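Right, one structure below, let's go through it.
Counting starts at 1 for both ligands and their atoms, in listed order. A quick note: this is a predicted structure, and the numbers were derived from the prediction, not measured.
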Amino acid sequence: MKFVIMPDYDQMSRAAADAIVEQLTDKPDSVLGLATGSTPIGMYASLVSDVEAGKVSFADVSTFNLDEYLGLEPTHDQSYRYFMNDNLFDHVDIDKARTHVPSGIGDAMEEICEDYEAKIALAGGIDLQVLGIGNNGHIGFNEPREDFPVMTHTIDLTESTIEANSRLFDSIDEVPRQAVTMGIGTIMGARRIIVVANGKGKAGIVAQAFTGPVVPEVPASVLQLHPNVTVFLDAEAASELDM
Ligand code: GLP
């Protein structure tokens, strides 16, 4: 596990974007695993500038997002499909047909999950997976529990996640209680992983996840077992790390 610690959020975002630019320069038809949340917004903005400047192209890229809320239409402004269009896909030269966000709509969720795994496999697997980290150590929507769920699955969100994400909704009652997420096995199957985290609020969980024991109660701790992970932090998020 490699750590890149930058003085502030903007420089952390730039450094993480550079890792993606490097990936796409080496392999223009890369399969990217993408994350939502506030943290990667600066990274996506940097990538949009890079495409505008002709520094990188998404023309041959395929993407698979980590997760989606159950019950939110793709047009809902808090759905993760909407987030991805708004923060990245609408502003770069990507073929939208090659962008995938698991659908949280419909009754056939088991089929949707299996189909998502099949599509990732058919695309050749994920070359580079982007992750944020939840306040409770979740990655994607893999919440703390007693085991590591392997494949894409549906889950009940924890109260702490519902509360944390309620800041983006008009009221806490509007936050969906369930989601669909890639599994820990899906994420660990990526050839390379980058994690982004910023701010004092993430310092404790960052230290726990990346220097503490590997336990499913802190889902992100499993990343310590992956051979190619780079964690991009700002100084605040790194402040409790004892290297
Ligand atoms: C959300 C997403 C995660 C994200 C996390 C942290 O619930 N499902 O993929 O990494 O929470 O979000 P933020 O970056 O806003 O702190």
> Near Gly132, which atoms of ligand 1 are under 4.0 Å from a heavy atom of that residue?
Replying inline: 10 (O)
> How close does the nearest protein non-hydrogen atom get to atom 11 (O) of ligand 1, and which residue and atom is it?
Replying inline: His138 NE2, 3.1 Å
> Which value, rounded to the nearest 0.5 Å, describes the distance between Ser62 atom OG and Ile94 atom CD1?
Replying inline: 7.5 Å
>> Counting only heavy atoms closer than 4.0 Å, does ligand 1 sit against the backbone of Ala35, its side chain, both, or neither?
In response: neither
>> Within the 4.0 Å heavy-atom shell around Ile133, which atoms of ligand 1 are there?
In response: 6 (C), 10 (O)
> Closest non-hydrogen protein atom to atom 12 (O) of ligand 1, residue and atom name please, with distance?
Replying inline: Gly37 CA, 3.9 Å
> What residue and heavy atom of the protein are closest to atom 8 (N) of ligand 1, and at what distance?
Replying inline: Asp67 OD2, 2.8 Å
>> Ignoring hydrogens and geometry beyond distance, is a side-chain donor-acceptor pair present between Glu236 and Asn198 at under 3.5 Å?
In response: no
> Among all protein non-hydrogen atoms, which one is nearest to atom 4 (C) of ligand 1, and what is the separation to 0.1 Å?
Replying inline: Thr36 O, 4.0 Å
> Sub-3.5 Å donor-acceptor pair from the side chain of Ser221 to the main-chain atoms of Val215, do we have one?
Replying inline: yes
>> Only heavy atoms of Thr39, strictly under 4.0 Å: list the atoms of ligand 1 that pass.
In response: 13 (P), 14 (O), 16 (O)
>> If we check side chain to side chain contact (heavy atoms under 4.5 Å, CB included) with Asn65, which of these qualifies: Met182, His100, Met84, Arg81?
In response: Met84
>> Counting only heavy atoms closer than 4.0 Å, does ligand 1 sit against the backbone of Tyr80, its side chain, both, or neither?
In response: side chain
>> I'd like to know whether ligand 1 has Arg167 as a neighbour, heavy-atom separation below 4.0 Å.
In response: yes
> With Asn136, which of Gln208, Glu217, Glu143 fulfils side-chain hydrogen bond (donor to acceptor under 3.5 Å, both in side chains)?
Replying inline: Glu143
> Can you tell me if Thr186 and Glu117 form a side-chain donor-acceptor pair at under 3.5 Å?
Replying inline: yes
> Closest non-hydrogen protein atom to atom 16 (O) of ligand 1, residue and atom name please, with distance?
Replying inline: Lys202 NZ, 2.6 Å
> Is it true that a side-chain atom of Thr161 and a backbone atom of Leu157 form a donor plus acceptor pair closer than 3.5 Å?
Replying inline: no
>> Would you say Arg167 and Ser38 are linked by a side-chain donor-acceptor pair, where the criterion is simply a distance under 3.5 Å?
In response: yes
> Between Asn165 and ligand 1, which part of the residue brings a heavy atom under 4.0 Å of the ligand: side chain, backbone, both or neither?
Replying inline: side chain
>> Within the 4.0 Å heavy-atom shell around Phe141, which atoms of ligand 1 are there?
In response: 7 (O), 8 (N)
>> Using a 6.0 Å cut-off, check whether atom CD of Glu174 has over 12 heavy atoms from anything other than its own residue.
In response: yes
> Any idea which protein heavy atom is nearest atom 3 (C) of ligand 1, and the distance to it?
Replying inline: Gly140 O, 3.5 Å
